Number of protein chains: 2
Amino acid sequence: MAEKIVSSRDAILAAARREFAARGYAGARMEAIARRAGINKAMLFYYFSSKEKLYQTILHEVMGEFFTQISGLITPELTPALFMERFPELYIRLCADHPDFVRIVAFDLIHNPDNICAVMAGIISQMTSFQPHPLFELIRRWHGKGLISESDPLHFMMNIVSLSIFSFIGKPMVEAISGIRVASDEDFYRKRVMSVVNVLKRGMLK
Amino acid sequence: MAEKIVSSRDAILAAARREFAARGYAGARMEAIARRAGINKAMLFYYFSSKEKLYQTILHEVMGEFFTQISGLITPELTPALFMERFPELYIRLCADHPDFVRIVAFDLIHNPDNICAVMAGIISQMTSFQPHPLFELIRRWHGKGLISESDPLHFMMNIVSLSIFSFIGKPMVEAISGIRVASDEDFYRKRVMSVVNVLKRGMLK
DNA sequence: TGTTATATTAACCATATGGTTAAACCAATC
DNA sequence: GATTGGTTTAACCATATGGTTAATATAACA
């Protein structure tokens with residue numbers, strides 16, 4: 001088993017990500033993380049000096065991964081139609097493949113927005129391809145050219161992100177309300193992407 | 001101050017709602033709730049026998065309020081256009097007016113979906129006007145008549161709920177990414193409703 | 001006024017939890 | 001083989017926390 005050669009540090013990070021995702025920051029137990037990682041609890045404090053530090057490390061890791069992926073979408077020749085196709089596709093796939101990420105980010109977004117927004121801003125400022133200005137300038141230009149109906153780039157973006165991210169969080173809720181259970185997750189996400197892209201293009205493309 | 005005559009029980013419920021919303025279940029402290037309510041900690045256990053019980057009581061209260069409001073929308077003569085106007089309007093207003101509700105529900109949705117979904121199902125089954133079937137049957141009929149483009153009622157509903165609820169959770173995130181800060185919340189939510197209704201009607205109405 | 005049922009509190013308790021320490025282990029290097 | 005520097009652990013520690021208890025206050029009522 002070549003997999004067993006992972007460093008303790010990496011084992012801790014993986015275990016911590018799962019634990020924080022499953023129970024939230026306050027609910028996560030350092031001992032549980034250690035157990036999951038198969039090492040002594042003191043190791044957590046050896047590599048990361050505190051629970052808070054460990055959490056922030058993971059938050060950075062998680063957010064970095066997300067933004068790196070998404071920044072790949074943004075090129076000068078991007079059209080609104082392409083953006084509305086590719087963003088939901090990438091985002092929904094990303095969330096489905098990394099459920100831990102979503103849970104961690106969503107929790108902080110709800111209970112500690114200041115911190116996570118600062119982290120986001122920090123990561124964004126380090127990436128040349130995804131500065132705040134380029135994307136939102138681009139959206140403004142699209143509207144200027146009469147390509148999209150929504151004039152406010154903030155609301156334009158919120159519509160896209162809403163439909164993409166909530167596919168994940170809201171699934172159990174709408175299932176419970178409707179009484180409809182999806183057969184396979186794979187199928188559900190494929191259909192979700194189609195529905196979202198459809199609404200977005202019909203709804204905001206001129 | 002006539003307000004001071006609130007019963008201890010009610011004071012506890014109000015304080016607990018705020019505390020659970022602010023810190024999540026695991027992060028909430030019984031002593032903090034007691035302090036906020038201005039009473040002795042033992043009172044919490046006198047009226048509600050445990051933290052878990054107190055939490056479940058609040059969850060029911062919160063969800064009941066939500067579903068009662070929303071069920072008011074659903075009448076036999078409801079048209080898809082009206083639904084797409086009124087649902088976001090009501091939902092976004094409800095979330096803006098009761099931020100605690102959203103935080104509590106969202107947290108459980110992420111970390112403990114089974115429990116909250118059971119609660120939802122329980123509440124729904126007690127309400128004649130908002131049974132699982134009526135609404136979703138109605139949506140199916142709308143599509144049968146060629147009034148809406150989305151054939152799957154689950155995705156139809158998810159699109160509407162996504163856009164409505166995420167207006168609230170995602171606001172700080174999109175603000176951080178865009179660098180755009182909204183002037184007044186009141187203004188933001190008004191604009192948000194308009195944008196959401198617009199996308200929905202253009203995107204899903206035939 | 002005495003009795004009773006409900007409300008309320010200060011003082012406790014057992015346990016869980018984040019964090020520390022000092023000693024041991026182990027691989028590499030001299 | 002001794003030294004050194006990073007790694008790992010068992011045993012601790014102080015404190016926070018959910019929950020309990022026994023005694024007291026209060027209001028209703030007979």
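No experiment lies behind these values; they were computed from the predicted model shown. Naming: A, B, ... by sequence-line order, numbering from 1 per chain.
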Separation of [X] atom [atom1] from [N] atom [atom2], in whole Å?
| X | N | atom1 | atom2 | result |
| --- | --- | --- | --- | --- |
| E31(B) | dT9(C) | CD | C1' | 13 Å |
| N40(B) | dA22(D) | CG | C1' | 13 Å |
| I39(A) | dC25(C) | CD1 | C1' | 16 Å |
| M43(A) | dG19(C) | CE | P | 17 Å |
| K51(B) | dT20(D) | NZ | P | 14 Å |
| K53(A) | dG18(C) | NZ | P | 17 Å |
| Y55(A) | dG19(C) | OH | C1' | 20 Å |
| R29(A) | dG19(C) | CZ | P | 11 Å |

Return the nearest nucleotide to the side chain of M30(B); candidates are dG18(C), dT8(C), dG18(D).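 My answer, after comparing the listed nucleotides, is dG18(D).
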Nucleotide nearest F45(B) (side chain, heavy atoms from C-beta), chosen from dG18(D), dG18(C), dG19(C): dG18(D)
Just to be sure I understand the rule, does A28(B) reach a base, reach only the sugar-phosphate, or reach nothing, if contact means heavy atoms closer than 4.0 Å?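 Here A28(B) touches the backbone only, sparing every base.
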Students often get this wrong, so: under 4.0 angstrom with heavy atoms, is F48(A) touching a base, only sugar-phosphate, or nothing?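 Nothing, no heavy atom under 4.0 Å.
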Is a donor from one side chain sitting under 3.5 angstrom from an acceptor on the other, for N159(B) and S195(A)?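 The criterion, which ignores hydrogens and geometry beyond distance, is satisfied for S195(A) and N159(B).
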Got a sec: does the CZ of R36(A) have more than 12 other heavy atoms crowding it under 6.0 Å?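 Correct, the count exceeds 12.
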Heavy-atom nearest nucleotide on DNA chain C taken for A42(A) and for Y25(A); more 5' hit belongs to Y25(A)
Contact under 4.0 Å: [X] side-chain N or O vs [N] OP1/OP2:
| X | N | result |
| --- | --- | --- |
| Y46(B) | dT20(D) | no |
| S8(A) | dT8(D) | yes |
| Y47(B) | dT8(C) | yes |

So, H60(B) side chain and Q56(B) main chain: donor-acceptor pair closer than 3.5 Å or not? yes
Examine distances only and state if a side-chain atom of K51(B) and a backbone atom of Y25(B) form a donor-acceptor pair shorter than 3.5 Å.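 Such a contact is found between K51(B) side chain and Y25(B) backbone.
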Is the F156(B) ring parallel, tilted or perpendicular to the W142(B) ring (thresholds 30°, 60°)?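 Correct class here is perpendicular.
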Any donor-acceptor pair under 3.5 Å between the side chain of K41(A) and the base of dG18(C)?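 Per atom types, the contact qualifies.
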From the list F66(A), Y189(A), F168(A), ring-ring contact (aromatic ring centres under 6.0 Å, His included) with Y91(A) holds only for F66(A)
Strictly below 4.0 Å, N to O, side chains only: are D187(A) and K191(A) in salt-bridge contact?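 K191(A) and D187(A): not salt-bridged.
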When the rotation axes relating C1' atoms of four end pairs to the next four are compared across the helix from dT1(C)-dA30(D) to dC30(C)-dG1(D), five pairs an end, they differ to 10° by 10°
